[in-house]
Amino acid sequence: MYSTRPVKIAGMGYYVPPNVLTNFDLEKMVDTSDAWIQERTGIRERRLAGRGVTTSDLAKEAALACLKDADVSADQVDLIIVASASPDHLFPATACIVQHAIGARGAAAFDMEIGCTGFIYALATGAQFVASGMYKKVLVVGAECLSRLVDWSDRTTCCLFGDGAGAALLVEGEAGEGFLAFHLGADGSGGDLLSLPAGGAKMPASRETVDKGLHYIHMEGKAVFKFAVKIVDLAVTKVLEKCGRTPQDIGVLIPHQANLRIIESACARFGISKDRVMVNIDKYGNTSSASVPIAMCEAISEGRIKKGDLVVLVAFGAGLSYGSAAIIW
Ligand code: ACO
């Protein structure tokens with residue numbers, strides 16, 4: 001951190017909707033199988049937001065759980081950042097909707113859209129506000145309803161994604177705790193590999209865009225997979241270098257939950273044993289910017305993250321984008 005104030009996470013919370021869609025349910029919808037999905041991705045089931053429930057609703061629940069965990073009231077929050085690839089609207093910002101929904105009347109609010117890397121970018125951004133002294137309490141939320149943007153007749157994407165939200169409250173810490181370093185990056189030349197082509201200024205909604213299915217997630221899975229394996233390696237290496245640590249120092253690795261094979265490849269590369277990596281993709285699928293905070297919350301509640309541990313977060317996604325963070329818990 002390029003600052004004088006250390007920044008730490010004072011509390012976390014998450015929310016996943018109760019509706020479960022299993023691989024066996026998917027077998028009845030498209031030409032796929034539980035065996036294929038488990039073998040190629042590690043996913044067994046995912047959660048889907050119910051009718052009328054949207055990204056800001058999931059974000060609100062995660063935010064309230066986070067504030068409860070931190071023992072902070074909503075009116076004490078100075079800034080809310082929501083990272084999402086599936087915001088309620090192009091505008092207003094989902095963060096503003098959440099601000100109103102939780103009663104954080106004094107908080108500034110804005111969204112960040114950088115695909116599945118969103119939560120790490122939002123943590124890095126929020127941490128700068130605390131580090132600079134501009135704000136004391138920054139609520140960072142990763143929230144997604146990707147089920148609304150998936151073509152449920154496309155077996156190559158519909159089995160991958162799930163809905164959910166996770167949140168962290170950032171405050172000033174003591175020396176020697178909290179964020180040690182971030183590493184953020186992007187390779188915009190790969191933007192077409194993972195996109196939602198229509199509905200923005202370049203391709204506004206029309207009968208043609210609807211007929212051609214251009215309002216659904218488009219992904220070149222193999223190319224994104226190759227990028228992910230390479231970039232997880234780079235992002236973890238860089239963030240460790242920045243804080244003078246090695247892979248052996250990692251207490252718990254919290255990777256973006258996109259594909260079990262990508263996670264296993266990173267663990268093999270860094271020599272990280274299974275007990276030092278958090279995996280919950282089997283239950284939730286890829287919840288994009290919500291995946292890292294949900295996995296963190298579960299790692300904490302399972303007692304896998306202990307005080308003083310070096311926790312490394314890493315994510316990648318649309319953009320193409322990537323990011324990592326190193327934290328002393
Ligand atoms: N069920 C059965 N068969 C399937 C399915 C399915 N659900 N999906 C694809 N197949 C078939 C394909 O049609 C193909 O058949 P073919 O050989 O007859 O053409 C075969 O399985 C192999 O397909 P591949 O795409 O080569 O399968 P792969 O092993 O690459 O796995 C996957 C696909 C799971 C999508 C993988 O490429 C992946 O995980 N990519 C990375 C995704 C990711 O990390 N996204 C990042 C972030 S998302 C965000 O930012 C919003």
Side-chain angles (χ1 to χ4, degrees), residues 21-46 55 83-87 112-122 142-165 184-188 190-197 199 215-233 235 255-266 279 281-282 284-295 313-324:
L21 185 81
T22 67
N23 292 347
F24 296 107
D25 296 326
L26 272 168
E27 284 181 357
K28 296 177 200 131
M29 297 162 64
V30 287
D31 180 15
T32 190
S33 67
D34 173 59
W36 191 96
I37 299 172
Q38 285 215 45
E39 188 193 314
R40 306 308 293 163
T41 72
I43 301 168
R44 274 192 298 115
E45 58 189 42
R46 69 288 291 143
T55 301
S84 183
S86 50
M112 292 182 70
E113 199 288 285
I114 186 81
C116 301
T117 320
F119 188 73
I120 309 267
Y121 265 73
E144 304 285 0
C145 266
L146 284 172
S147 63
R148 301 280 158 70
L149 306 180
V150 160
D151 176 355
W152 287 99
S153 67
D154 173 11
R155 69 175 181 173
T156 68
T157 52
C158 75
C159 64
L160 302 175
F161 299 103
D163 301 336
L184 307 177
D187 177 4
D192 288 345
L193 297 176
L194 181 47
S195 68
L196 201 142
H215 296 272
Y216 294 126
I217 292 173
H218 164 86
M219 182 169 75
E220 304 288 332
K222 258 200 190 334
V224 176
F225 188 95
K226 278 190 195 151
F227 166 79
V229 168
K230 191 181 71 187
I231 221 66
V232 166
D233 187 340
H256 171 42
Q257 310 284 310
N259 188 313
L260 184 60
R261 290 183 290 141
I262 296 171
I263 297 173
E264 286 174 346
S265 143
V279 175
I281 190 172
D282 51 321
Y284 305 127
N286 178 351
T287 56
S288 191
S289 59
S291 98
V292 165
I294 293 174
L313 318 179
V314 63
F316 54 85
L320 297 171
S321 61
Y322 56 95
S324 51

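We count ligands from 1, going down the list as the structure has it; atoms in each ligand are counted the same way.
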Task: Asp151: side-chain hydrogen bond (donor to acceptor under 3.5 Å, both in side chains) partners, not counting sequence neighbours - done: Ser153
- [ ] Sort out the contact shell of ligand 1: every protein residue with a heavy-atom distance below 4.0 Å, listed by chain and number.
- [x] Asp31, Thr32, Trp36, Arg40, Thr41, Cys116, Arg155, Thr156, Cys159, Leu160, Phe161, Leu194, Met219, Gly221, Lys222, Val224, Phe225, Ala258, Asn259, Arg261, Ile262, Asn286, Phe316, Gly317, Ala318
- [ ] For Leu21, enumerate each residue passing the side-chain contact (heavy atoms from CB on, under 4.5 Å) test, keeping only those at least two apart in sequence or located in another chain.
- [x] Asp25, Leu26, Met29, Arg46, Leu48, Trp152
Task: Check: Ser86/Glu144 side-chain N/O donor and acceptor closer than 3.5 Å - done: yes
Task: Sequence-distant partners of Gln257, side-chain hydrogen bond (donor to acceptor under 3.5 Å, both in side chains), two or more places apart - done: none
Task: Closest non-hydrogen atom pair, Ala143 against Ser84 - done: O-OG, 2.7 Å
Task: Side-chain donor-acceptor contact under 3.5 Å, Ser195 with His218 - done: no
